[in-house]
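Quick caveat: nothing in here was measured; it's all calculated off a predicted structure. Indexing begins at 1, ligand by ligand and atom by atom, following the structure's order.
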Amino acid sequence: MSRAKIVAGNWKMNLDRESSVALARSVQNIDRDQESSEVLIFPATIWLAPVSAAIEGSFVRLGGQNCHSEPKGAFTGEVSAAMLAEICTDAMAGHSERRHVFGESDDLVSAKVRAILDAGMRVVLCVGETLAEREAGDAEAVVERQLRSALTMVPGSEINNVVIAYEPVWAIGTGVAATPADAQTMCQFVRQVLRDQHDEQGEDRPVLYGGSVTPDNARELFNQADIDGGLIGGASLDVQSFRAIVDASDRADKT
Ligand code: PEP
C-alpha cells in the first residue's frame with residue numbers, strides 16, 4: 001500500500017503578520033509538476049486566522065503548533081484544541097521544544113494527543129531522543145516509550161488521524177541532520193512499534209523525519225524506504241528552500 005507523503009513547515013515563533021501571510025501565499029503558489037505530497041504549515045498561533053484566509057481553497061493544510069490538553073477553563077493565555085480546530089486541520093504534540101524547553105511530560109503529550117483527536121484534527125506527534133540518550137544507546141528505548149505513552153489513549157479506530165515525526169533532538173536547528181541510514185533505521189523502528197500497537201493500520205501511518213532538513217539532503221532522506229516526508233523548521237521560512245524540499249518529496253518514489 002502506498003503511504004501518504006507529507007512536507008510540513010514549522011515556523012515556530014518566527015515571522016510577523018505580514019511576513020506570515022506573504023510566506024503562506026508563496027507556499028500556495030508553489031508551482032508543482034506532481035502533487036504527490038501533502039503540504040502543511042504551522043504558523044505562530046496568533047497568525048493562524050489571517051494565514052487561513054490567505055490559503056483558503058488551496059492545497060496547503062494548516063496546523064497549530066501547540067494547544068492545551070483541557071477543553072476549556074481558567075487557563076490564562078492558552079488555546080484549546082477545539083479553538084484551533086475552527087481553522088486548522090492538524091495540530092502538533094510532543095515537539096522537542098515543548099518537551100525540553102517547556103518541560104512537557106509524556107503524560108501531558110498523551111493528553112494533548114487525545115485533546116487534538118477529540119477536536120477532530122489530525123495530530124502530528126513528534127518523538128526523538130537527545131544526544132546523551134543516543135550516545136548511551138537508548139535512542140530506540142526513548143522513542144518507543146514516547147510513542148507508546150502518547151498513543152495509550154488512541155484506539156485503532158483513530159490511528160488513521162495520527163502522523164509521526166521522528167525528530168532527534170540533537171538534529172533540530174543544529175545544521176547536523178541524521179544520516180539517511182540512521183534516519184531510516186529509526187523511522188523503520190517507529191513503524192515497527194506502530195505495527196505492534198495497531199497492526200497494519202499503524203504500520204501504514206506516515207512517518208516523517210525532522211532535524212536540519214535542507215534542499216541539499218532532502219532527496220536522499222525522502223528516498224529512504226520508511227521516511228514519508230519531513231517536518232521542516234529553519235528551511236521552511238524561505239519559500240525557495242521549502243519549495244525544493246516539497247519537490248524532493250513529490251519526486252520520492254518507494255515503489
Ligand atoms: C523542527 O522544528 O521541528 C525542526 C526540524 O527544525 P529544523 O528543520 O530547523 O532543524
Could you name each residue pair satisfying ring-ring contact (aromatic ring centres under 6.0 Å, His included) that touches residues 52-79, not counting sequence neighbours?
H68-F75

Can you give me the closest heavy-atom contact between A4 and E38, atom names plus distance?
CB-OE2, 4.2 Å

State plainly whether the residues E203 and R3 are in salt-bridge range, i.e. N to O under 4.0 Å.
no

When you look for protein heavy atoms under 4.0 Å from ligand 1, which residues do they belong to?
N10, K12, H95, E167, A171, I172, G173, G210, G211, S212, L231, I232, G233, G234

Apply side chain to side chain contact (heavy atoms under 4.5 Å, CB included) to N14 and list each qualifying residue two or more places apart in sequence or on a separate chain.
K12, L237

Decide if atom CD of E86 counts as having more than 12 heavy atoms of other residues, nucleotides or ligands within a radius under 6.0 Å.
no

Those residues that, when tested against E220, pass side chain to side chain contact (heavy atoms under 4.5 Å, CB included) (two or more places apart):
P180, Q224

